[in-house]
Amino acid sequence: MSSAETVTLRRLAWAGVEVACGDVRIVIDALKNPADLAGFQGMPRRPLPSIEAPPGVSTHAFITHLHPDHCDRLLLTEFAATEGSTVGCHTPIVDILGKMGVAAVAQNMGERRQIGPFTTIPVPSHDWRGDDQVAWIVEGPGLRVIHFGDTIWHGKWWEIAREYGPFDVAFLPIAGVMARREGITPTNQPATLTPEQAVEAAVVLEASTACAIHYDLFNNPPYYTEQHDVRGRFLRAARARGINGIAPGDGKPVPYAAAAAA
C-alpha cells in the first residue's frame with residue numbers, strides 16, 4: 001500500500017470537504033447549521049450528512065470566507081472549543097471570527113502550516129462581491145488537493161498552478177449561481193463558477209481529478225438561482241476536455257488516483 005492510500009477524501013454538504021489521515025482530519029467549509037441561510041439561499045433540499053469525527057480523531061476546520069454557507073459560526077465555535085481541534089482562516093478575517101466567538105489560527109497568503117501529516121496553504125481566490133476569500137491547498141502523504149469556495153473565474157489560476165501544481169484533486173463550485181441581494185446592483189453574470197468554467201480551471205491547475213461541489217442543495221429564486229443541469233454539464237465538459245470529472249453525493253467518498261505529490 002502506498003502512502004497516498006492512507007489519505008481519504010470525502011465530500012460533505014454543499015462546499016464542504018474532508019481530508020483525513022490516521023487520527024487527524026481537515027474539514028473545509030463544513031456546514032451543519034443552515035438556519036441563517038433561509039432568507040437568501042433558502043433551506044437545504046435534503047438533510048445534511050453527518051460531519052462527526054470518529055473517536056480519537058482531531059478535527060482542524062478551515063473556511064474560505066465568511067459567507068454563512070461556508071462559515072458555520074455555531075459549528076466553528078464547537079470545533080474551537082474541542083480539545084485537540086482548531087479553526088484556521090486567512091489572516092484578514094481572524095479578528096472578525098474572534099468577534100463571532102470563534103478563536104482561529106491565522107495564516108497569511110502562501111504561508112504554510114503543519115498539522116500532523118498535512119500542510120495547509122491559503123492561495124488567491126476571488127469573490128463576486130469583492131469579499132475576502134482564499135482557496136486552501138492541503139498536502140498530505142502522496143497527495144495534493146485544492147479547494148475553492150464561492151470563487152468566480154479569475155486570473156490567478158495560472159499563478160497557483162505554476163507555484164503549487166499539479167494537483168491530484170481540485171474541488172470546484174459548479175452551480176453558476178445567479179444572485180440578487182438588496183443594496184447590490186444586479187447583473188446577469190454568475191456569482192460562482194459555471195460548470196464549464198470549473199472544468200477550465202481544472203485544466204489550468206493541471207488537476208488529475210476535478211470534483212464538483214457547491215451545487216444542487218440550495219435554490220431560492222429570485223435571490224439565489226442555480227443554473228440548469230449543472231451536474232450534467234460539468235461531467236460532459238470534463239469528458240470533452242479529457243479531465244476526470246466526478247460529482248459524488250453528499251457525504252460520499254471522493255475517489256482519486258494520486259500523482260501530484262507522489
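Computed from a predicted structure; not experimentally measured. Residues: numbered from 1 along the sequence shown. Note: hydrogens, waters and symmetry copies are ignored here, and every other heavy atom, side chains too, is used.
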With side chains defined as the heavy atoms from C-beta onward, is the minimum distance between Met109 and Pro124 less than 4.5 Å? yes
Taking every heavy atom of Gly42 against every heavy atom of Asn220, the minimum-distance pair comes out as N-ND2, 3.5 Å
Output for pair (Glu163 CD, Ile137 CD1), nearest 0.5 Å, gives 9.0 Å
Of all heavy-atom pairs linking Gly88 and Arg113, the shortest is CA-NH1, 3.9 Å
>> I'd like to know if Leu193 and Phe218 are part of one continuous hydrophobic network [Ile/Leu/Val/Met/Phe/Trp/Tyr, side-chain heavy atoms within less than 4.5 Å].
In response: no
>> I'd like to know whether the aromatic ring centres of Trp157 and Phe148 sit less than 6.0 Å apart in this structure.
In response: yes
Is there a side-chain contact between Ile246 and Thr209 (heavy atoms, below 4.5 Å)?
yes
Could you tell me whether the side chain of Thr91 and the main chain of Gln107 form a donor-acceptor pair under 3.5 Å?
yes
Inset, instruction - Just do the side-chain contact (heavy atoms from CB on, under 4.5 Å) check on Arg25 and His60 with the steps written out, would you? - result: CA-CA 6 Å; Arg25 70 167 184 163; His60 301 272; over 6 Å; no
Counting only heavy atoms not in Arg241, do more than 12 fall under 6.0 Å of its CZ? no
- cation_pi(Arg181, Phe40) dist<6.0 Å, angle<=45: yes
| query | Taking the six-membered ring for Trp, is the centroid-to-centroid distance between Trp14 and His214 below 6.0 Å? | reply | yes
d(Ile174 CD1, Arg233 CZ) to nearest 0.5 Å is 9.0 Å
Test of understanding: clusters of I, L, V, M, F, W, Y form through side-chain heavy atoms closer than 4.5 Å, transitively. Do Val145 and Phe62 belong to the same one?
yes
Tell me, do Val204 and Glu200 make a side-chain contact under 4.5 Å, heavy atoms counted?
no
Note, Tyr256 side chain near Leu9 side chain (heavy atom, < 4.5 Å): yes
Checklist entry - Between Ile160 and Leu205, is a side-chain contact (heavy atoms from CB on, under 4.5 Å) present by the stated rule, with each step listed? => result CA-CA 7 Å; Ile160 294 168; Leu205 292 167; 3.8 Å; yes
Output for pair (Ile115 CD1, Cys21 SG), nearest 0.5 Å, gives 13.0 Å
If we ignore hydrogens and angles and just use 3.5 Å, is the side chain of Gln114 paired with the main-chain N or O of Gly116 as donor and acceptor?
yes
inquiry  = Whether Glu52 and Lys32 form a salt bridge (side-chain N of Lys/Arg under 4.0 Å from carboxylate O of Asp/Glu) is what I want to check.
reply    = yes
On a heavy-atom basis, the closest approach of Tyr215 and Ala247 is OH-CB, 3.3 Å
| query | Transitively linked via ILVMFWY side-chain contacts under 4.5 Å: Trp158 with Ile121? | reply | yes
Joint cluster assignment, Ile152 & Val177, ILVMFWY side-chain distance < 4.5 Å = no
| task | Begin from the C-alpha positions of Arg236 and Asp229 and carry the test side-chain contact (heavy atoms from CB on, under 4.5 Å) through to its verdict. | result | CA-CA 11 Å; Arg236 289 192 295 273; Asp229 187 28; 2.7 Å; yes
One should read off an interatomic distance between Tyr223 OH and Gln41 CD, to the nearest 0.5 angstrom, of 14.0 Å
For this session: Return yes if a side-chain donor-acceptor contact under 3.5 Å exists between Asp150 and His70, otherwise no.
Result: yes
Output for pair (Thr187 OG1, Gln189 CD), nearest 0.5 Å, gives 5.5 Å
- Item | Beyond-backbone contact of Met178 with Pro190, side-chain heavy atoms, under 4.5 angstrom | yes
Without hydrogens or angle criteria, can the side chains of Asp168 and Ser208 be said to hold a donor-acceptor pair below 3.5 Å?
no
With Val138 as partner, the option from Ile28, Thr119, Val7, Val17 fulfilling side-chain contact (heavy atoms from CB on, under 4.5 Å) is Ile28
The ring pair (Phe, Tyr, Trp, His ring centres under 6.0 Å) partners of Phe118 (sequence neighbours excluded) come to none
Ionic contact status for Glu18 with Arg11, cut-off 4.0 Å
no
Any donor and acceptor pair, going by atom type alone, linking the side chain of Glu226 with main-chain N or O of Ala175 inside 3.5 Å?
no
Heavy-atom nearest pair, Ile213 first then His147, reads CD1-NE2, 3.6 Å
When rounded to the nearest 0.5 Å, the distance separating CD1 of Ile146 from OH of Tyr164 is 9.5 Å
On a heavy-atom basis, the closest approach of Asp23 and Gly56 is CB-O, 3.5 Å
Under the side-chain contact (heavy atoms from CB on, under 4.5 Å) criterion, do Gln133 and His126 qualify, and how do the steps go? CA-CA 6 Å; Gln133 184 170 171; His126 291 274; over 6 Å; no
- request: Decide whether Phe167 and Val123 are clustered together by the hydrophobic rule: side chain heavy atoms of Ile, Leu, Val, Met, Phe, Trp, Tyr closer than 4.5 Å, transitively.
  value: yes
Looking only at heavy atoms, the pair that brings Pro173 and Gly149 closest together is CG-O, 3.0 Å
- Message: Any side-chain to backbone donor/acceptor pair from His90 onto Pro92? Under 3.5 Å, distance only.
- Response: no
Where the side chain of Asp29 meets the backbone of Ala15, is there a donor-acceptor pair that is under 3.5 Å apart? no
Besides Ile63, the hydrophobic cluster formed by Ile, Leu, Val, Met, Phe, Trp and Tyr side chains linked at under 4.5 Å, directly or via other members, contains Leu12, Val27, Ile51, Leu66, Leu75, Leu76, Phe79, Val87, Ile93, Ile96, Leu97, Met100, Val102
Only one of Thr77, Asp36, Leu31 passes side-chain contact (heavy atoms from CB on, under 4.5 Å) with Asp72, and that residue is Leu31
Practice prompt. Give a yes or no on whether the backbone of Ser85 and the side-chain of Thr82 come within a donor-acceptor separation of less than 3.5 Å.
Written response: no
Query raised in the report: Looking at side-chain heavy atoms only, is the closest gap between Pro117 and Val24 below 4.5 Å?
Result: yes
- Do the non-hydrogen side-chain atoms of Pro248 and Pro253 ever get within less than 4.5 Å of each other? no
- With the threshold set at 4.0 Å, does a side-chain nitrogen-carboxylate oxygen contact exist between Asp216 and Arg46? yes
Margin query: Between Asp250 and Arg10, does any NZ, NE, NH1 or NH2 come within less than 4.0 Å of an OD or OE carboxylate oxygen?
Written below: no
